[in-house]
Amino acid sequence: MIDIEAACLPVGMGSATNLNDLVLKLFEIGAVKFGNFTLKSGIQSPVYFDLRVIISYPDLMIDVSEHLYQASKTGSTYQSVCGVPYTALPLATCISTAHKFPMLIRRKEAKDYGTKKIIEGHYKPGDVCLVVEDVVTSGSSVLETVLSLQQEEINVTDAVVLVDREQGGKDMLKTKGIKLHSVCTITQILEVLGNMGKLEQDVINRTKQFIHDNRFNPNGNVKRSPEDEGGDRSIKRVLTYGDRAKLCSHSVAKFLFTTMEDKQTNLALSADVTTGAELLRLADAVGPHICILKTHIDIISDFKPDLVHDLSHLAEKHGFLIFEDRKFADIGNTVKHQYSSGVYRISDWSHIINAHALPGPGIVQGLKEVGLVKDRACLLIAEMSSKGNLATGDYAKATLKMAEEHDDFVIGFITQSKLSNDPNWVHITPGVKLTRGKDSLGQQYLTPREVICDKECDIIIVGRGITEAEDSVVAAKAFQEAGYNAYLERMQKT
Ligand SMILES: O=C(O)c1cc(=O)[nH]c(=O)n1[C@@H]1O[C@H](COP(=O)(O)O)[C@@H](O)[C@H]1O
């Protein structure tokens, strides 16, 4: 049974109702729903929380924030409170104004201009901040806000959430040193609604079974700095590829970061060869060393549909993603056809495609109408490697903005430098050789270290450095090692 006494202590400027009334109210306004819902991950869930709707009920907002405030009072002291964007922002605001608690706002996107701040508000290194969230499932959204705060040397020891779905978030956050407090758990909600006769027993059983069957493992591995090991809580945390796999919501980006960590490679092979047989030979030989195989399918002189079928098998065998470097650049309606049909039917086999931002957002919308249902991903070309290219000035910034508006499909950029600190974006850089240089047609080369360590991009694209080497496997191994070592070096220095 629920400890009602504990849930209705009078507090600060207001007082919280009892938990039963709160749960009932949430149920009545549709903030808690039972049925069949497809979650962002694609999983079918018998329960869905839509806590955004509470902003339409000011009394409920005050009540929920008082419950959150109560649940967070566990002996720790905080200098500030920060809501996980967006739903928890108004909740954190209510707590802040009711209890004279300074607030911080974490930007969802990092500003690359002006103050360049990701955390807004006044703070100093070593401050302790309470993180507020509406619902916790795996804990990754709370973690994302925690990591942003920690990068500014703000400590987080506790987080408070209205509903814990009991799917592993609490344990995962514990492994990161964060204690999660919840106003209520899904078990408590089922119990309250069951006792009030609002839910059939089979709905309760189905929901319990779903929660039981869909738990996340608490296997996070946020890298700690030496000061952290020494007990200093002013931690600067560094996100590994594995951490970023957990943070990002797009399945292709998740797979990519996971592969990079597991295979220890940030190498994309640009397989710019002109026959099907050569493409397959290269893919099979170099496959163990790469995370992405990039194609220009229209330079294959003997293309047959079987080729992409065989290539897909090799992608599965070696665990890499296929990226057709089609560089779409037309209006939305045209690119839809170019992507889905014609001889190549690119959307049927290529996990990732790229597009120029030049035509405006319609190009992404058009591609998305084809790619989203197939769980495909897109990279926007923000900066190019060739001398004299016109993608300069504010072009990259405008491209980032376009990507942010389509982050369900766009997972990152083809770029020469890091555009954003948001760990969800994948930064992929072509024009890489083991030594700096250029070719006779304006291509300019940087080294893996310059790209990964200095410019802080994530993946190197290498073409002729491998395809024209005497032994492509030896060359691929060398690029794999150079790229991954540069990444490890960056981890050390950050
Ligand atoms: O989108 C790309 O991949 C790309 C963008 C860019 O700015 N520069 C660039 O070279 N590329 C591609 O990256 C590959 C580079 O090949 P190499 O110069 O042989 O390493 C080629 O397939 C290019 O089409």
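The chain is numbered in sequence order, starting from 1.
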Side chains of Leu247 and Leu239: closer than 4.5 Å at any heavy-atom pair? yes
Minimum heavy-atom distance between Thr399 and Ala357, given as atom pair plus value: OG1-CB, 3.6 Å
Contact check, side chains of Ser80 and Leu130, non-hydrogen atoms, under 4.5 Å: no
Separation of Leu488 CG from Asn266 CG (nearest 0.5 Å): 9.0 Å
Check: Asn20/Asn18 side-chain N/O donor and acceptor closer than 3.5 Å: no
Just wondering, are more than 12 heavy atoms of other shown residues or ligands nearer than 6.0 Å to NZ in Lys254? yes
Working to the nearest 0.5 angstrom, can you tell me the gap between Leu180 CG and Leu173 CG? 6.0 Å
Take Val252 and Ile352 through the test side chain to side chain contact (heavy atoms under 4.5 Å, CB included) and record every step on the way to the result. CA-CA 8 Å; Val252 172; Ile352 303 172; 3.9 Å; yes
Hey, are the side chains of Pro430 and Ile414 touching, using non-hydrogen atoms and a 4.5 Å cut-off? yes
Tell me the closest heavy-atom pair linking Arg165 and Ile211, and the distance in Å. O-CG2, 3.4 Å
Residue pair Phe413 / Ile428, side-chain heavy-atom distance below 4.5 Å: no
Test side chain to side chain contact (heavy atoms under 4.5 Å, CB included) applied to Glu133 and Leu162, step by step: CA-CA 7 Å; Glu133 175 62 308; Leu162 177 59; over 6 Å; no
Given the options Asp407, Leu379, Ile411, Thr415, Trp425 meets side chain to side chain contact (heavy atoms under 4.5 Å, CB included) only with Asp407
Kindly indicate, with the supporting measurements, whether the criterion side chain to side chain contact (heavy atoms under 4.5 Å, CB included) is fulfilled by Ile461 and Ile292. CA-CA 9 Å; Ile461 295 181; Ile292 290 177; over 6 Å; no
Assess, by modelled atom type and distance only, whether the side chains of Gln416 and His427 contain a donor and an acceptor separated by less than 3.5 Å. no
Would you say the side chain of Leu19 lies within less than 4.5 Å of the side chain of Val192, judging by non-hydrogen atoms? no
Compute whether any side-chain donor of one residue and acceptor of the other, for Asn421 and Lys418, lie under 3.5 angstrom apart. yes
With salt bridge (charged side-chain N to carboxylate O under 4.0 Å, His left out) as the test, would you mind laying out the steps for Arg490 and Asp458 before giving the verdict? CA-CA 11 Å; Arg490 186 174 101 206; Asp458 302 307; 3.7 Å; yes
Counting only heavy atoms from other residues, nucleotides and ligands, does the tally under 6.0 Å from NZ of Lys174 exceed 12? no
Tell me whether Lys33 at atom NZ has more than 12 heavy atoms from other residues, nucleotides or ligands lying less than 6.0 Å away. yes
Is any side-chain heavy atom of Leu380 less than 4.5 Å from a side-chain heavy atom of Cys378? yes
Is it the case that the side chain of Glu152 and the backbone of Pro125 share a donor-acceptor pair, with hydrogens and angles ignored and the cut-off at 3.5 Å? no
Between Asp454 and Arg449, does the salt bridge (charged side-chain N to carboxylate O under 4.0 Å, His left out) criterion hold? Intermediate values first, please. CA-CA 7 Å; Asp454 302 345; Arg449 192 174 174 285; 3.7 Å; yes
Is there a side-chain contact between Ile186 and Asp164 in this structure, where contact means two heavy atoms from C-beta onward sitting under 4.5 Å apart? no
Sequence neighbours excluded and cut-off under 3.5 Å, please list the side-chain donor-acceptor pairs for residues 22-29, or say none.
none

Regarding Glu450 and Lys455, does a basic nitrogen lie under 4.0 Å from an acidic carboxylate oxygen? no
Would you name the heavy atoms of Thr87 and Pro90 that are closest together and state the gap between them? O-CD, 3.2 Å
I'd like to check the side-chain hydrogen bond (donor to acceptor under 3.5 Å, both in side chains) partners of Asp262; sequence neighbours left out, ordered by chain and number. none
Donor-acceptor pair, distance only, cut-off 3.5 Å: does the side chain of Thr97 make one with the backbone of Thr93? yes
State, yes or no, whether a side-chain contact exists between Ile105 and Cys82 at a heavy-atom distance under 4.5 Å. no
Between CZ of Arg206 and OG of Ser45, what distance do you get to the nearest 0.5 Å? 9.0 Å
Scanning both residues in full, the closest heavy-atom pair of Ile381 with Tyr395 reads O-CE2, 3.7 Å
Side chains of residues 477-485: which donor-acceptor pairs under 3.5 Å do they make with residues two or more places apart or in other chains?
from: Gln480; atom 1: OE1; to: His289; atom 2: ND1; distance (Å): 2.9
from: Gln480; atom 1: NE2; to: Lys263; atom 2: O; distance (Å): 3.3
from: Gln480; atom 1: NE2; to: Gln264; atom 2: O; distance (Å): 3.1
from: Asn485; atom 1: ND2; to: Glu481; atom 2: O; distance (Å): 3.4

List the steps, then state whether side chain to side chain contact (heavy atoms under 4.5 Å, CB included) holds for Phe34 with Thr207. CA-CA 8 Å; Phe34 294 86; Thr207 308; 3.9 Å; yes
Centroid-centroid under 6.0 Å between Tyr241 and Tyr487 rings: yes
State, to 0.1 Å, how close Ala382 and Ala391 come at their nearest heavy-atom pair, and which atoms those are. O-CB, 3.8 Å
Using the ring centroid of each side chain, check whether His351 and Phe323 are separated by less than 6.0 Å. no
Provide the closest heavy-atom pair for Ile322 versus Ser350 in the form atom of the first, atom of the second, distance. O-OG, 3.4 Å
Say you draw a straight line from CD of Glu166 to CG of Leu190; how long is it, rounded to the nearest 0.5 Å? 8.5 Å
Atom NE2 of His122 and atom CG of Asp127: how far apart are they, to the nearest 0.5 Å? 12.0 Å
Output, in order, the C-alpha distance, side-chain angles, deciding distance and verdict of salt bridge (charged side-chain N to carboxylate O under 4.0 Å, His left out) for Lys368 and Asp408. CA-CA 9 Å; Lys368 188 158 112 172; Asp408 50 348; 3.0 Å; yes
Candidate pair Gln167 and His212, rule side chain to side chain donor-acceptor pair (under 3.5 Å), full reasoning: CA-CA 7 Å; Gln167 284 174 262; His212 177 265; over 6 Å; no
If you measure from CD on Gln209 to CG on Asn214, what distance do you get to the nearest 0.5 Å? 9.5 Å
